[in-house]
Structures are given as C-alpha cells and as structure tokens.
Amino acid sequence: MRYALQRGYRKIRIQGDSKLVCSQVDGTWKVKHAGMAELCDKVKELKDRFVSFEINHVLREFNAEADVQANLAVNLREGAVQEVYE
C-alpha cells in the first residue's frame, strides 16, 4: 500500500487468501491479537489515504501467484520492494 501511494495510485484493490485478515481490515471481525492489531491499524491508516479502497477474500487455490510473491516479500527488509518481471 505504501508502494502504491508513493507511485501516485489513488485507487487500490487488494485480494488476500486469509479471510480473517480481510475481514479484520474491513472491520467485519474484531482483531484480538495485539501484534495483529498494530498491523491492522497501520493498514487502516494507509487505506484512508486512497480515494478508493477495496479488499476481497480469494480462495487460496485461486491465489497461487500472490502467495509466491508474499513468500518472497517476507525476506525483504521493511519498506523494501523487489520487482520481478517475467
């Protein structure tokens, strides 16, 4: 989300394979875990900076490429972005 904002994007649609996370971000479900609450608060702050924000749950089997990208991202330092073109 920070990356998109830095590049001037004003509308964003996020797809995630965790129904829990998607529902916590959109406010449908409460956040109980303290560490998760902190992350969710950051996401909510960022989403308010977009003109349009949408988050949707996608079944894991339909989200394979995003899962690969997320696994690569966990090894990056905070704020770092690695673009891979194929």
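These numbers come from a predicted model, not from an experiment.
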If I take atom [atom1] from residue [X] and atom [atom2] from residue [Y], how far apart are they, to the nearest 0.5 angstrom?
X     : Y     : atom1 : atom2 : result
His33 : Gln24 : NE2   : CD    : 10.5 Å
Tyr9  : Phe50 : OH    : CZ    : 10.5 Å
Asp17 : Asn56 : CG    : CG    : 13.0 Å

With a 3.5 Å distance limit and no angle check, can you tell me whether Arg49 reaches the backbone of Arg2 through a side-chain donor-acceptor pair?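 Checked: no pair found.
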
Give a yes or no on whether the backbone of Val25 and the side-chain of Lys47 come within a donor-acceptor separation of less than 3.5 Å.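 Such a contact is found between Lys47 side chain and Val25 backbone.
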
Which atom pair, heavy atoms only, marks the closest approach of Ser18 to His57?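 Scanning both residues completely, I find the closest heavy atoms to be C-CD2, 3.7 Å.
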
Side chains of [X] and [Y] in contact at under 4.5 Å (non-hydrogen atoms):
X     : Y     : result
Arg13 : Phe53 : no
Asp48 : Leu46 : no
Gln15 : Phe62 : no
Ile12 : Met1  : yes

For the hydrophobic clusters of this structure (ILVMFWY residues joined by side-chain heavy atoms under 4.5 Å, transitively), does one cluster hold both [X] and [Y]?
X     : Y     : result
Leu20 : Val43 : no
Ile55 : Val58 : no
Leu5  : Ile14 : yes

I would like to know whether Asp26 and Glu54 meet side chain to side chain contact (heavy atoms under 4.5 Å, CB included); could you show each step before the answer? CA-CA 8 Å; Asp26 75 14; Glu54 183 180 332; over 6 Å; no

